[in-house]
K.L.:
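Structure provided below as structure tokens; questions to follow.
Along the sequence shown, residues carry numbers from 1.
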Amino acid sequence: MTLTATERDLVDAASRWFDAHRAQFVDELCELLRYPSVSDESDPNPRPGAPYGPEVRRVFDHMLAKAGRDGLPTRDYTGHVMEVVYPQENVETDRDIAFVDHLDVVPADDGWTHDAFDPQVIGDIVIGRGSLDNKGVALTSYFLLRFFKEHDHRFRHRVRILFGGSEEIALNDIKWFVANIGAPYQAIVTDGPFPVNNIQKGLLDVDVELPVGPQLRGWHAGTATNTVPGAAAITLTGVDESTVRQAFCQSGNIAPDIAERLHINATAQGVTIEATGVAGHACQPSGTVNAIAVLTTALARSGLLEGRDLTAAQAIAQWTKDSYGTGLGIDCENAESGPTTANGGLIIPANEFAEADKVLGAVSGETSEDAIVLHFDIRYAVGQAHEQIIERIQAQAEAAGGRIVDILNDDPYYVQADDPRVQLLTATYNDVLGCEARPVAVGDGTHARFIPRALNFGPEFHADHVPAVDGIDLETPPFIAPGAGNAHGADEWASLKNLKTAFVLYALGLVRLDQYLQ
């Protein structure tokens, strides 16, 4: 496809409009980023309209008020999802096109250079939790409706935005919406890479219970199931600081690259060992360092543990030694979807597991008080059988005296690359940017998995998926520390240039899709 004269006018108009409203966009994005809207489903009796906790409720109310001021109709689906509708009467068809975003975020891990919910703007870069995932593009979608409203554009289909409130935990927002309200006719999910993401790996959550002794009992590590932990710590009792320093720093048992990530401090409770890693999204582990792996590797080699504590530390160190499932024996890679990833990202005491079952999906019953539970976030390649993955993990767990206590599987998402809608949106990207990018496979789990006929279209630009062109930032800014800045890591950032380009692509893509579906 090539741009028609009318399409070129649309692209130019969208570009100029965004530039004219850039300052307002930045202000409104910073307002959104100040809400620490981490979804919380732990309350068995949440207050009405707040199934995902008070902070998600607050950010929903913020967007509802904004849309009211801008003359855009809204609807609140009992706090699970909120909707903003393009104001057009007498639409020719009841079929709709819905942009699908989310306003919840993952918790702020250690390593931020400032308050994660106090956004900073440096040139074209906005730093703050949620700037990339997913508030930046959520506001971009919202501004798109304002742009078309000001230009009095008439669509053939009803156009709306659905904002979810619990994408980061288990996508329960859109699951609820589809089950109770119904799926959009055509969803455009804006939570992945450009040009079009047509393959998502299978999602497998596995919780493994391991018996432990007195040192690991009660251990907490990690912040979110789908985040590679950037920090982990444990306090050992019954040992003095000099003994611990000898074991970790002077014995020669621990490799220098592990030892340099350890920090030892004496406290009133004992001796605390802190491990520093590099946080990131579980689906894109390249460049991350799992702090749980660092800490358990050091503990297993220190000579300070014995019995069940030692067995558990050795097992976790082996299972988390890389992010691709090698230590679990589940590594797999193919040309279609790339490699399987496996993130051991969260540890909680087993006696707290039942209390967290609403978050983790536990259904297995009783757990032991003298045990910990390690959660694996596994993104498995297309063609790999999840049953075989489970069998191998069960064997590994039993060898360490443990067991699997919960499993949650979502099969891979797949739309053929020659689907006309995939081709249309891919061509939209290439026509606007003058390149030849192709549909891509990722390990993300977006709302598209649970919406029939859904498509994933941006907003992220990754150098391994798209060529470098003018108008997009592919490189991490120099003021972001190496390894930081990604969607679930410290100093998460979004480029205003990239969001502007996404805005233009969404404008043309929406018009083309509206015409095609007719």
Side-chain angles (χ1 to χ4, degrees), residues 1-30 99 101 119-128 131-148 150-151 188 190-197 424-440 442 455-480 485-487 492-513:
M1 300 174 67
T2 57
L3 292 176
T4 66
T6 300
E7 289 177 335
R8 172 53 62 189
D9 289 342
L10 171 62
V11 167
D12 291 343
S15 179
R16 291 193 302 271
W17 190 92
F18 190 93
D19 287 341
H21 293 79
R22 173 187 161 114
Q24 182 181 5
F25 182 90
V26 172
D27 289 344
E28 294 190 16
L29 177 55
C30 288
F99 284 86
D101 305 295
Q120 306 292 310
V121 181
I122 304 175
D124 286 317
I125 304 302
V126 180
I127 308 170
S131 55
L132 181 62
D133 185 15
N134 186 244
K135 291 178 179 178
V137 70
L139 189 64
T140 301
S141 303
Y142 179 84
F143 267 54
L144 191 69
L145 298 194
R146 289 187 50 200
F147 164 73
F148 281 116
E150 289 188 18
H151 287 77
I188 303 174
T190 56
D191 197 11
F194 279 123
V196 174
N197 161 222
L424 181 149
L425 293 180
T426 302
T428 296
Y429 182 93
N430 290 332
D431 291 345
V432 171
L433 295 181
C435 55
E436 297 182 0
R438 298 179 179 179
V440 298
V442 299
L455 300 170
N456 294 285
F457 188 42
E460 298 178 22
F461 299 87
H462 299 293
D464 50 347
H465 297 324
V466 297
V469 297
D470 291 340
I472 60 174
D473 288 319
L474 293 178
E475 300 296 329
T476 301
F479 45 81
I480 300 292
N486 52 45
E492 175 184 349
W493 63 275
S495 162
L496 293 169
K497 289 197 298 184
N498 292 3
L499 289 172
K500 173 189 174 180
T501 302
F503 178 85
V504 173
L505 291 168
Y506 290 148
L508 179 58
L510 175 58
V511 169
R512 282 184 170 182
L513 196 58

K.L.:
Rounded to the nearest 0.5 Å, what's the gap from OG1 on Thr476 to CH2 on Trp493? Could you check?
P.N.:
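These two atoms lie 5.5 Å from each other.
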
K.L.:
Between Phe25 and Leu496, is there a side-chain heavy-atom distance shorter than 4.5 Å?
P.N.:
yes

K.L.:
Might you confirm whether atom CD of Glu436 has over 12 heavy atoms from other residues, nucleotides or ligands at distances under 6.0 Å?
P.N.:
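Atom CD in Glu436 is not crowded, with 12 or fewer foreign heavy atoms closer than 6.0 Å.
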
K.L.:
Testing the basics here: between Ala507 and Ala14, what is the closest heavy-atom pair and its distance to 0.1 Å?
P.N.:
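Scanning both residues, the minimum pair turns out to be CB-CB, 4.1 Å.
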
K.L.:
Can you check whether Val196's main-chain N or O pairs, donor with acceptor, with Asn456's side chain at less than 3.5 Å?
P.N.:
no

K.L.:
Report yes if the side chains of Glu492 and Asn486 come closer than 4.5 Å at any heavy-atom pair, otherwise no.
P.N.:
no

K.L.:
Identify the two heavy atoms, one from Cys435 and one from Val469, that lie closest to each other, and give their separation to 0.1 Å.
P.N.:
CB-CG1, 4.4 Å

K.L.:
Mind checking whether Pro119 and Ile127 have side chains closer than 4.5 Å, heavy atoms only?
P.N.:
no

K.L.:
Assess whether a salt bridge exists between Arg512 and Asp431, defined as any Lys/Arg side-chain N lying under 4.0 Å from an Asp/Glu carboxylate O.
P.N.:
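Yes, Arg512 and Asp431 are salt-bridged.
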
K.L.:
For the atom pair CG (Leu499) and CZ (Phe503), what is the distance rounded to the nearest 0.5 Å?
P.N.:
11.0 Å

K.L.:
Aromatic rings Phe147 and Trp17: how do their planes relate, parallel, tilted or perpendicular, breaks at 30° and 60°?
P.N.:
perpendicular

K.L.:
Roughly how far, to the nearest 0.5 Å, is CD1 of Ile472 from CG of Asn498?
P.N.:
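Rounded to the nearest 0.5 Å, the CG-CD1 separation comes to 6.5 Å.
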
K.L.:
Might you point out which heavy atoms bring Leu10 and Phe148 nearest each other, and give the distance in Å?
P.N.:
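In terms of heavy atoms, the two residues are closest at CD1-CE2, 4.1 Å.
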
K.L.:
On the 0 to 90° scale, with breaks at 30° and 60°, tag the Tyr429-Phe194 ring pair as parallel, tilted or perpendicular.
P.N.:
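Tyr429 and Phe194: tilted rings.
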
K.L.:
So His462 and Leu474, side-chain contact (heavy atoms from CB on, under 4.5 Å) or not? Walk me through it.
P.N.:
CA-CA 6 Å; His462 299 293; Leu474 293 178; 5.9 Å; no

K.L.:
Measuring only between side-chain heavy atoms, which start at C-beta, is Val137 closer than 4.5 Å to Phe99?
P.N.:
no

K.L.:
What distance do Glu7 atom CD and Thr428 atom OG1 have between them, rounded to the nearest 0.5 Å?
P.N.:
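Here the interatomic distance stands at 7.5 Å.
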
K.L.:
Do you know which two heavy atoms are closest between Pro193 and Val442, and how far apart they sit?
P.N.:
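Looking at all heavy atoms of both residues, the shortest contact is CG-CG1, 3.6 Å.
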
K.L.:
CG of Leu455 to OG1 of Thr190: how many Å apart, nearest 0.5 Å?
P.N.:
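The distance works out to 12.0 Å.
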
K.L.:
Under a 4.5 Å cut-off applied to non-hydrogen side-chain atoms, are Ser15 and Asp19 in contact?
P.N.:
yes

K.L.:
Side chains of Glu150 and His21, heavy atoms from C-beta outward: is any pair under 4.5 Å?
P.N.:
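Glu150 vs His21: side chains touch.
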
K.L.:
Is it true that Lys497 and Asp470 make a salt bridge, defined as a side-chain N closer than 4.0 Å to a carboxylate O?
P.N.:
no

K.L.:
Could you tell me the separation between the CG atom of Asp124 and the CG atom of Asp473, rounded to the nearest 0.5 Å?
P.N.:
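Rounded to the nearest 0.5 Å, the CG-CG separation comes out at 6.5 Å.
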
K.L.:
Minimum heavy-atom separation for Asn430 and Ala437, please, with both atom names.
P.N.:
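Minimum heavy-atom separation between Asn430 and Ala437: OD1-N, 2.8 Å.
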
K.L.:
Let's go through Asp101 and Asp191 carefully: what are the C-alpha distance in whole Å and the side-chain angles of both, what is the deciding distance for side-chain contact (heavy atoms from CB on, under 4.5 Å) to 0.1 Å, and is it a yes or a no?
P.N.:
CA-CA 7 Å; Asp101 305 295; Asp191 197 11; over 6 Å; no

K.L.:
Show your working on side-chain contact (heavy atoms from CB on, under 4.5 Å) between Ser495 and Ile125 and close with a plain yes or no.
P.N.:
CA-CA 5 Å; Ser495 162; Ile125 304 302; 4.1 Å; yes

K.L.:
Taking the side chain as everything from C-beta on, heavy atoms only, tell me whether Val504 gets closer than 4.5 Å to Phe18.
P.N.:
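A side-chain contact is absent here, since even the closest heavy-atom pair is not under 4.5 Å.
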
K.L.:
Would you name the heavy atoms of Pro195 and Val440 that are closest together and state the gap between them?
P.N.:
CD-CG1, 4.4 Å

K.L.:
Check whether any side-chain heavy atom of Gln120 sits under 4.5 Å from a side-chain heavy atom of Val126, and report yes or no.
P.N.:
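No - every pair of side-chain heavy atoms lies 4.5 Å or more apart.
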
